[in-house]
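Not measured: the values here are computed from a predicted model.
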Amino acid sequence: MSSTRTAARTTGVAIRAMLVLTLVLGVGYTLLVTGIGQLALPWQANGSPLPDDRGSSLIGQSFTDADGEALPEYFQSRPSAAGDGYDGAASSGSNLGPENPDLVATIAERRAAIAEREGVEASEVPADAVTASGSGLDPHISVAYALLQVPRVAEARGLAEQQVQDLVESRIQGRDLGFLGEERINVAELNLALDGQEGE
């Protein structure tokens, strides 16, 4: 009888403990952290959204037409291997090694296409213009790749090259903590700024 009572009492204590911990850690902690995020960093806590529901500044986008052709009036992102391209639900790289014949051929094709589109020699095309990031969602390109695209974008929009170049240079993001990574440019934010400038 006493062992049955002890087992029932232990079970009751365990259930009460589970309920209390679920409320405190599962509900209370979640509400606390969410509240702090909304108060301290609302833009980041809500997914770093771009204006007019144009996506997130943390996820790359393609600036192409329905046939997959690059829109000449926009700066182009780096390639993506995530799903059909920049698919947040299918984040991935190609997982091909640097000497894989398929990857080597793909890079050569991309380099030739970009060189033709931008009117430069293939040797002038930066590495990030022809290779996808590990996540396939990288929203940034190198400063070199952005500057390479300036003449095309300026011509397509009827703007002075210097005006477009100044806009690019104003959007350069420095290295994290001053020494991690490379200087970079968020393509979606640059294109939004470009649209805004053209509308002025």
Side-chain angles (χ1 to χ4, degrees), residues 40-82 85-86 88 107-200:
L41 302 164
W43 183 70
Q44 292 88 339
N46 290 309
S48 305
L50 293 168
D52 302 324
D53 295 324
R54 295 196 190 184
S56 169
S57 67
L58 301 177
I59 297 179
Q61 299 180 26
S62 60
F63 295 90
T64 56
D65 62 20
D67 297 323
E69 295 295 319
L71 294 171
E73 67 272 20
Y74 286 107
F75 286 89
Q76 296 301 307
S77 305
R78 66 186 299 182
S80 172
Y86 303 105
I107 287 174
E109 289 173 17
R110 289 173 179 164
R111 181 168 277 121
I114 291 170
E116 182 180 351
R117 184 179 73 215
E118 306 301 343
V120 298
E121 295 294 322
S123 59
E124 296 177 57
V125 177
D128 66 302
V130 295
T131 55
S133 66
S135 68
L137 304 176
D138 189 355
H140 300 98
I141 58 173
S142 66
V143 176
Y145 187 28
L147 292 175
L148 183 74
Q149 300 181 66
V150 165
R152 169 181 53 79
V153 172
E155 181 179 356
R157 290 188 177 250
L159 299 172
E161 278 190 33
Q162 190 59 53
Q163 181 182 356
V164 177
Q165 182 170 328
D166 289 345
L167 182 64
V168 167
E169 292 173 350
S170 74
R171 307 301 296 185
I172 295 174
Q173 298 174 5
R175 299 172 183 223
D176 292 334
L177 302 177
F179 67 95
L180 295 175
E182 297 295 329
E183 291 185 331
R184 61 207 182 278
I185 295 174
N186 187 298
V187 184
E189 291 178 356
L190 174 61
N191 283 331
L192 280 172
L194 189 62
D195 284 344
Q197 191 170 77
E198 194 175 55
E200 290 176 357

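For E155, the CD atom sits in a loose shell: 12 or fewer heavy atoms of surrounding residues, nucleotides or ligands are nearer than 6.0 Å. Heavy atoms from other residues, nucleotides or ligands lying under 6.0 Å from CD of E121 number 12 at most.
At a threshold of 4.5 Å between non-hydrogen side-chain atoms, the residues P49 and S56 do not count as touching. Counting heavy atoms from C-beta outward, E69 and T64 have side chains that stay 4.5 Å or more apart. L194 is listed as a side-chain neighbour of L159, based on a closest heavy-atom distance under 4.5 Å.
In this structure, D65 has no salt bridge (Lys or Arg N to Asp or Glu O under 4.0 Å) partners at least two apart in sequence or on a different chain. Residues that satisfy the salt bridge (Lys or Arg N to Asp or Glu O under 4.0 Å) test with R110, not counting sequence neighbours, are absent from this structure.
Rounding to the nearest 0.5 angstrom, the gap separating the CD1 atom in I114 from the CD atom in E109 is 11.5 Å. The OG atom of S80 lies 11.5 Å from the CD atom of Q61; values are rounded to the nearest 0.5 Å. Here the straight-line distance linking atom CZ of R111 with atom OG1 of T131 works out to 8.5 Å at 0.5 Å rounding.
Residues E189 and N186 share a closest heavy-atom pair of N-OD1, 3.1 Å. Nearest approach of S77 to V187, heavy atoms of both residues: OG-CG1, 3.7 Å. Heavy atoms only, all atoms of each residue included: L190 and R171 are closest at CD1-CG, 3.6 Å. Closest approach of L137 to S133, counting heavy atoms only: N-OG, 3.6 Å. Pairing each heavy atom of A82 with each of S135, the nearest pair is CB-O, 3.9 Å. A129 approaches P79 most closely through the heavy-atom pair O-CD, 3.4 Å.
Comment: R175 does not engage E183 in a salt bridge, judged by the lack of any side-chain N to carboxylate O separation of less than 4.0 angstrom. Under 4.0 Å is where a charged nitrogen must lie from a carboxylate oxygen, and between D176 and R184 at least one such pair does.
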Can you give each donor-acceptor pair under 3.5 Å made by side-chain atoms of residues 139-152, sequence neighbours left out, with the distance rounded to 0.1 Å?
{"residue": "H140", "atom": "ND1", "partner": "D138", "partner atom": "OD1", "Å": "3.4"}
{"residue": "H140", "atom": "NE2", "partner": "Q173", "partner atom": "OE1", "Å": "3.2"}
{"residue": "S142", "atom": "OG", "partner": "D128", "partner atom": "OD1", "Å": "2.8"}
{"residue": "S142", "atom": "OG", "partner": "D128", "partner atom": "OD2", "Å": "3.3"}
{"residue": "S142", "atom": "OG", "partner": "Y145", "partner atom": "N", "Å": "3.1"}
{"residue": "Y145", "atom": "OH", "partner": "R117", "partner atom": "NH2", "Å": "3.1"}
{"residue": "Q149", "atom": "OE1", "partner": "Q76", "partner atom": "N", "Å": "2.6"}
{"residue": "Q149", "atom": "OE1", "partner": "R152", "partner atom": "NH2", "Å": "2.6"}
{"residue": "Q149", "atom": "NE2", "partner": "Q76", "partner atom": "O", "Å": "3.3"}
{"residue": "Q149", "atom": "NE2", "partner": "Y145", "partner atom": "O", "Å": "3.3"}
{"residue": "R152", "atom": "NE", "partner": "E118", "partner atom": "OE1", "Å": "3.1"}
{"residue": "R152", "atom": "NE", "partner": "E118", "partner atom": "OE2", "Å": "2.9"}
{"residue": "R152", "atom": "NH1", "partner": "P72", "partner atom": "O", "Å": "2.8"}
{"residue": "R152", "atom": "NH1", "partner": "Y74", "partner atom": "O", "Å": "3.0"}
{"residue": "R152", "atom": "NH2", "partner": "E118", "partner atom": "OE2", "Å": "3.0"}

